[in-house]
Amino acid sequence: MAKLYFYYASMNAGKSTMLLQADFNYRERGMNTMLFTAAIDDRFAYGTIASRIGLSQPATPFHASTDLEACALDQHGRTPLACILVDEAQFLTPDQVDQLARLADRHRIPVLCYGLRTDFKGQLFPGSARLLALADALSEIKSVCVCGAKATMNLRVDGQGKAIAEGAQTEIGGNDRYVALCRRHFGEALAGEPVLEGKAKPD
Ligand SMILES: Nc1ncnc2c1ncn2[C@@H]1O[C@H](COP(=O)(O)OP(=O)(O)O)[C@@H](O)[C@H]1O
Ligand SMILES: Cc1cn([C@H]2C[C@H](O)[C@@H](COP(=O)(O)O)O2)c(=O)[nH]c1=O
Ligand SMILES: [Zn+2]
């Protein structure tokens, strides 16, 4: 049985790097893959998966209206796919996650999704919630907070590095707008404590 995988993490944990490594691993063995990424996340370039470590690959951009099942089956009909890889999976709609599950279940194509679990308020993204509900395998990619503990949360900051507690769920940005923190320091930063001024105490 092909599986639906969800590799989740905070920002800057290495999700895109791991996706590109997995993709390379399939392709170096002569197998075809299909890559998707969110059309709205154009930090590097539209329709490109890029990691901070410098790797990048073109990918099919998805919008909320994109039928991922139809796109992948169209490609699969021309060159059989060994694997589908999806970056920025937090931006999938729940219906799109269902489409990916059908690609695994009915068409036996493994689907590897990489994305954030929660937003800057600590709330699940709808796509991530559906993936947590449906995926056969959940795997956390770990990274560290300023204190050395596991960073599980994503703090949104303004131009002065001040914590932001309110706003739209979607706001594209990188290390200038978000800081991955452990839950304790996420809470302290939102409470106005000087977590990001190098005064965080180890847990
Ligand atoms: N030159 C580098 N060498 C090694 N690791 C790097 C380099 N630049 C960035 N990184 C690491 O890469 C990780 C970010 O990778 P990336 O795939 O962009 O993350 P994500 O997709 O989860 O946001 C961070 O852990 C960062 O420390
Ligand atoms: C926490 C959070 C993040 N986003 C956006 C910001 C980035 O564009 C992506 C995640 O990037 P990654 O480095 O590939 O993990 O998601 C957002 O829109 N809203 C949020 O709350
Ligand atoms: Zn911490």
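Every number for a ligand or one of its atoms is a count from 1 in the order of the listing.
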Closer than 4.0 Å to some heavy atom of [X] - which atoms of ligand 2 meet that?
| X | result |
| --- | --- |
| L116 | 1 (C), 2 (C), 3 (C), 10 (C), 15 (O), 16 (O) |
| D41 | 7 (C), 8 (O), 9 (C) |
| K15 | 12 (P), 15 (O) |
| Q169 | 17 (C), 18 (O), 19 (N), 20 (C), 21 (O) |
| F91 | 5 (C), 16 (O), 18 (O) |
| Q90 | 9 (C), 10 (C), 16 (O) |
| G173 | 6 (C), 7 (C), 8 (O) |
| R156 | 19 (N), 20 (C), 21 (O) |

Taking the side chain as every heavy atom from C-beta outward, state whether [X] and [Y] have any pair of such atoms under 4.5 Å apart.
| X | Y | value |
| --- | --- | --- |
| L4 | L131 | yes |
| S51 | S56 | no |
| F36 | I84 | yes |
| L112 | C83 | yes |

Quick one: the SG of C182, the Zn ion (ligand 3), SG of C145 angle, rounded to 10°, please.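 SG of C182 and SG of C145 make an angle of 110° at the Zn ion (ligand 3), to the nearest 10°.
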Any protein heavy atom at under 4.0 Å, with [atom] as the reference point?
| atom | answer |
| --- | --- |
| atom 27 (O) of ligand 1 | no |
| atom 12 (O) of ligand 1 | no |
| atom 21 (O) of ligand 1 | yes |

How does [X] reach ligand 2, by side chain, by backbone, by both or by neither, if only non-hydrogen atoms under 4.0 Å count?
| X | value |
| --- | --- |
| R177 | neither |
| E171 | backbone |
| R52 | side chain |

Give me the ring orientation class for Y7 and Y5: parallel if the planes are under 30° apart, tilted from 30 to 60°, perpendicular past 60°.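 Parallel: the ring planes of Y7 and Y5 meet at under 30°.
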Parallel, tilted or perpendicular for F125 and F91, by the 30°/60° rule?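 Plane angle over 60°, so perpendicular.
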Determine whether a donor-acceptor pair (N or O, by modelled atom type, separation under 3.5 Å) exists between the side chain of S128 and the backbone of L116.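 Answer holds: yes.
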Looking only at distances, please establish whether an N/O atom of ligand 2 is found under 3.5 Å from an N/O atom of [X].
| X | answer |
| --- | --- |
| T118 | no |
| N12 | no |
| N154 | no |
| E88 | yes |
| T170 | no |
| S10 | no |
| F120 | yes |

Provide, to 0.1 Å, the distance between [atom] and the closest protein heavy atom, together with that atom's residue and name.
| atom | value |
| --- | --- |
| atom 18 (O) of ligand 1 | R52 N, 2.8 Å |
| atom 4 (N) of ligand 2 | Y178 OH, 3.6 Å |
| atom 12 (P) of ligand 2 | R43 NH2, 3.5 Å |
| atom 2 (C) of ligand 1 | I53 CG1, 3.9 Å |
| atom 25 (O) of ligand 1 | N12 O, 3.2 Å |
| atom 17 (O) of ligand 1 | T17 OG1, 2.6 Å |

So, [X] versus [Y]: side-chain donor-acceptor pair below 3.5 Å or not?
| X | Y | result |
| --- | --- | --- |
| Q21 | T17 | no |
| S10 | T152 | no |
| N175 | R52 | yes |

Does ligand 1 come near enough to S51 that some N or O of the ligand is less than 3.5 Å from an N or O of the residue?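 So ligand 1 has no N or O lying under 3.5 Å from an N or O of S51.
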N or O pair under 3.5 Å between A50 and ligand 1: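 By distance alone, the answer is no.
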Do D87 and K15 meet the salt-bridge criterion of a basic N to acidic O distance under 4.0 Å?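 Salt bridge: no.
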Identify which one of R43, R156, K121 satisfies the salt bridge (charged side-chain N to carboxylate O under 4.0 Å, His left out) criterion when paired with E171.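 Of the listed options, the one satisfying the test is R156.
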Does atom [atom1] of [X] have more than 12 heavy-atom neighbours, drawn from other residues, nucleotides or ligands, at distances under 6.0 Å?
| X | atom1 | answer |
| --- | --- | --- |
| Y46 | OH | yes |
| K162 | NZ | no |
| R78 | CZ | yes |
| E166 | CD | no |

Rounded distance (nearest 0.5 Å) linking atom [atom1] of [X] with atom [atom2] of [Y]:
| X | Y | atom1 | atom2 | value |
| --- | --- | --- | --- | --- |
| E88 | I49 | CD | CD1 | 8.5 Å |
| L20 | R27 | CG | CZ | 8.5 Å |
| L196 | L155 | CG | CG | 6.0 Å |

Where do D98 and R102 land on the salt bridge (Lys or Arg N to Asp or Glu O under 4.0 Å) test, with the steps shown first? CA-CA 6 Å; D98 292 355; R102 285 197 293 273; 5.5 Å; no
Run the contact test for G14 against ligand 1 with a 4.0 Å cut-off on heavy atoms, strictly below, and give the result.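 G14 counts as a contact of ligand 1 under the 4.0 Å cut-off.
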Does A9 come within less than 4.0 Å of ligand 1, judged by its heavy atoms?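 No, A9 has no heavy atom closer than 4.0 Å to ligand 1.
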Can you list the atoms of ligand 1 that are under 4.0 Å from a heavy atom of A13?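 Here the atoms of ligand 1 in question are 19 (O), 20 (P), 22 (O).
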Measuring from non-hydrogen atoms of F125 to any atom of ligand 2, is the shortest distance under 4.0 Å?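 The answer is yes: ligand 2 sits under 4.0 Å from a heavy atom of F125.
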Considering just N/O/S atoms, say which atom of H185 is closest to the Zn ion (ligand 3).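 This turns out to be ND1.
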